[in-house]
Amino acid sequence: MLNGIDISKYQWNIDLSKVPCDFVIIKATGGPGIVNSYFKKQVEQAISLGKLVGAYHFALDGYPNKGPEIEARHFVDHVKPYLGKIALALDWESKAIKLGPAWAKRWLDEVYRLTGLRAMVYMSHAYTANAGWKEVAKNHKLWMAQYANYNPQYGYNSNPWGAKTAGQWGSNIFIHQYTSQMYLSGYRNNLDANICYGTKEDWIALTKQNSAPVEPSKPEPTPAPSGKTYN
């Protein structure tokens, strides 16, 4: 098991050399245009410290839908310098949920086409049972969010409260984010706490290309959403 945190621009002043963690997952981008202005600083410090590192994209992130391929290319453009050293992830929550798993799969497929990497998917445990995730679960590891409460927690928990199975992934939960209210030495504010049930080798495998990446093609117009929702 590995203990870790996930951060974004809101942790702009974090010094990872002072915060205990086996891994750190960092927001790189959101929607078709948002960039974490601290991503470069955060990811390069994490890599230099020998941490296991991930980068995530926040789907939609408040923008009108311009299509999953456009968002995937935006993400890849910003993480490209670190490919081979980081795992990738899609943050699937908030307004993106109404777009359904098919949208997420298109994003994941485009990232795979461009990088040769299979990204993880972050979502609430409540959405993992949707049948639309069945094909995604075959190739993409789950980063599950499920909290017992929002009470302050001090230090990591080796056996956090939560489900042992998660919908289409069954018992194959790779990471469990179990609180957003963890406090660690070296940082005065609350952090998201995560436990990874895999090994260091499992994580490193996510950074290795499974196929040769190709250059992105010019974006094509995206059809208007059908209005169908899955949740």
Side-chain angles (χ1 to χ4, degrees), residues 1-30 34-58 61 75 78-79 81-94 119-125 141-164 166 173-207:
M1 292 188 297
L2 305 164
N3 293 309
I5 58 175
D6 56 274
I7 61 175
S8 66
K9 68 178 182 180
Y10 298 108
Q11 291 77 36
W12 63 271
N13 61 341
I14 194 168
D15 182 348
L16 294 171
S17 69
K18 298 179 179 178
V19 177
C21 60
D22 298 314
F23 65 90
V24 56
I25 309 175
I26 305 163
K27 181 178 180 179
T29 56
I34 286 180
V35 176
N36 170 14
S37 56
Y38 295 95
F39 175 70
K40 184 176 187 292
K41 173 187 174 183
Q42 292 169 334
V43 74
E44 291 185 356
Q45 186 188 31
I47 291 171
S48 72
L49 292 169
K51 304 292 186 185
L52 298 171
V53 185
Y56 73 88
H57 173 81
F58 193 108
D61 211 7
F75 175 63
H78 286 84
V79 301
Y82 310 105
L83 294 179
K85 299 178 181 178
I86 62 173
L88 308 179
L90 174 64
D91 186 339
W92 186 254
E93 59 179 301
S94 189
M120 297 179 279
V121 187
Y122 169 94
M123 73 180 77
S124 169
H125 177 269
K141 292 187 180 297
L142 177 65
W143 174 14
M144 179 188 79
Q146 190 180 38
Y147 303 172
N149 53 54
Y150 289 90
N151 297 333
Q153 299 186 34
Y154 299 90
Y156 293 106
N157 186 340
S158 62
N159 186 28
W161 174 90
K164 302 306 179 186
I173 301 168
F174 189 60
I175 299 174
H176 178 189
Q177 182 191 82
Y178 54 89
T179 184
S180 61
Q181 300 297 318
M182 180 181 67
Y183 291 84
L184 292 173
S185 60
Y187 189 69
R188 66 181 182 179
N189 297 322
N190 58 300
L191 291 163
D192 293 341
N194 300 270
I195 185 168
C196 176
Y197 297 108
T199 64
K200 179 179 179 180
E201 291 71 27
D202 292 330
W203 189 288
I204 292 173
L206 294 177
T207 72

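Every heavy atom of this structure was used, including side-chain atoms; hydrogens, water molecules and symmetry mates were not.
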(request) Measure the OG-CD distance between Ser124 and Glu93 for me, rounded to the nearest 0.5 Å. (result) 9.0 Å

(request) With rounding to the nearest 0.5 Å, note down the distance linking CD1 in Ile14 to CG in Asn189. (result) 9.0 Å

(message) Applying side chain to side chain donor-acceptor pair (under 3.5 Å), can you list everything that pairs with Tyr82, at least two apart in sequence or on another chain?
(response) Glu44

(message) Please enumerate all residues that pass side-chain contact (heavy atoms from CB on, under 4.5 Å) together with Ala148, with sequence neighbours excluded.
(response) Trp161

Per-pair distances, 0.1 Å, donor-acceptor, side chain in residues 198-205, under 3.5 Å, sequence neighbours excluded:
{"from": "Thr199", "atom 1": "OG1", "to": "Glu201", "atom 2": "N", "distance (Å)": "3.3"}
{"from": "Thr199", "atom 1": "OG1", "to": "Glu201", "atom 2": "OE1", "distance (Å)": "3.4"}
{"from": "Thr199", "atom 1": "OG1", "to": "Asp202", "atom 2": "N", "distance (Å)": "3.1"}
{"from": "Thr199", "atom 1": "OG1", "to": "Asp202", "atom 2": "OD2", "distance (Å)": "3.2"}
{"from": "Asp202", "atom 1": "OD2", "to": "Thr199", "atom 2": "N", "distance (Å)": "2.9"}
{"from": "Trp203", "atom 1": "NE1", "to": "Val53", "atom 2": "O", "distance (Å)": "3.2"}

(message) Run the side-chain contact (heavy atoms from CB on, under 4.5 Å) test against Ala193 and tell me which residues pass, sequence neighbours left out.
(response) Tyr178, Thr179, Met182

(request) Please name all residues satisfying side-chain contact (heavy atoms from CB on, under 4.5 Å) with Tyr10, sequence neighbours left out, ordered by chain then number. (result) Ser8

Which donor-acceptor pairs under 3.5 Å do the side chains of residues 19-30 make with protein atoms, sequence neighbours left out?
{"from": "Asp22", "atom 1": "OD2", "to": "Asn3", "atom 2": "N", "distance (Å)": "2.8"}
{"from": "Lys27", "atom 1": "NZ", "to": "Asp61", "atom 2": "OD2", "distance (Å)": "3.0"}
{"from": "Thr29", "atom 1": "OG1", "to": "His57", "atom 2": "ND1", "distance (Å)": "2.7"}

(message) Quick check: do Gln153 and Gln181 have side-chain heavy atoms less than 4.5 Å from each other?
(response) no

(request) Working to the nearest 0.5 Å, report the span between CD1 of Ile7 and CG of Asn36. (result) 8.0 Å

(message) Checking Gln45 now: which residues fulfil side chain to side chain donor-acceptor pair (under 3.5 Å) with it, not counting sequence neighbours?
(response) Asp15

(request) Determine which pairs satisfy side chain to side chain donor-acceptor pair (under 3.5 Å) with at least one residue from residues 47-56, sequence neighbours left out, and list them in order. (result) none

(message) As a quick check of understanding, evaluate side-chain contact (heavy atoms from CB on, under 4.5 Å) for Val79 and Val43, giving each step before the final call.
(response) CA-CA 10 Å; Val79 301; Val43 74; over 6 Å; no

(request) Taking ring-ring contact (aromatic ring centres under 6.0 Å, His included) as the test, write out the residues that go with Tyr197, two or more places apart. (result) none

(request) Please name all residues satisfying ring-ring contact (aromatic ring centres under 6.0 Å, His included) with His78, sequence neighbours left out, ordered by chain then number. (result) His74

(message) Rounded to the nearest 0.5 Å, what separates atom OH in Tyr147 from atom CD in Gln177?
(response) 3.5 Å

(request) With sequence neighbours excluded, tell me which residues meet ring-ring contact (aromatic ring centres under 6.0 Å, His included) with Tyr156. (result) none

(request) Would you check if Gln11 and Leu191 make a side-chain contact, meaning some heavy-atom pair closer than 4.5 Å? (result) yes

(message) I need the Leu206 CG to Lys141 NZ distance, nearest 0.5 Å.
(response) 6.0 Å

(request) Check Leu16 against Ala46 and note the closest heavy-atom contact, atom names and distance. (result) CD1-CB, 3.8 Å

(message) Is the shortest side-chain heavy-atom distance between Phe75 and Leu90 below 4.5 Å?
(response) no

(message) So which atom in Ala163 and which in Ile173 form the shortest heavy-atom distance, rounded to 0.1 Å?
(response) O-CD1, 3.7 Å

(request) To the nearest 0.5 Å, tell me how far Met123 CE sits from Met144 CE. (result) 11.0 Å

(request) State which residues pass ring-ring contact (aromatic ring centres under 6.0 Å, His included) with Tyr122; sequence neighbours excluded, sorted by chain then number. (result) Trp143

(request) Quick one: closest heavy-atom pair of Asn190 and Ser180, and the distance? (result) ND2-O, 2.9 Å

(request) Determine the minimum heavy-atom distance between Ile195 and Asn157, stating which atoms define it. (result) CD1-O, 4.0 Å

(message) Please determine whether the number of non-hydrogen atoms from other residues, nucleotides or ligands lying under 6.0 Å from atom NZ of Lys164 exceeds 12.
(response) yes

(request) Kindly indicate whether the side chain of Leu88, heavy atoms from C-beta on, has any atom under 4.5 Å from the side chain of Leu83. (result) yes

(message) Is any side-chain heavy atom of Asp91 closer than 4.5 Å to one of Asp6?
(response) no

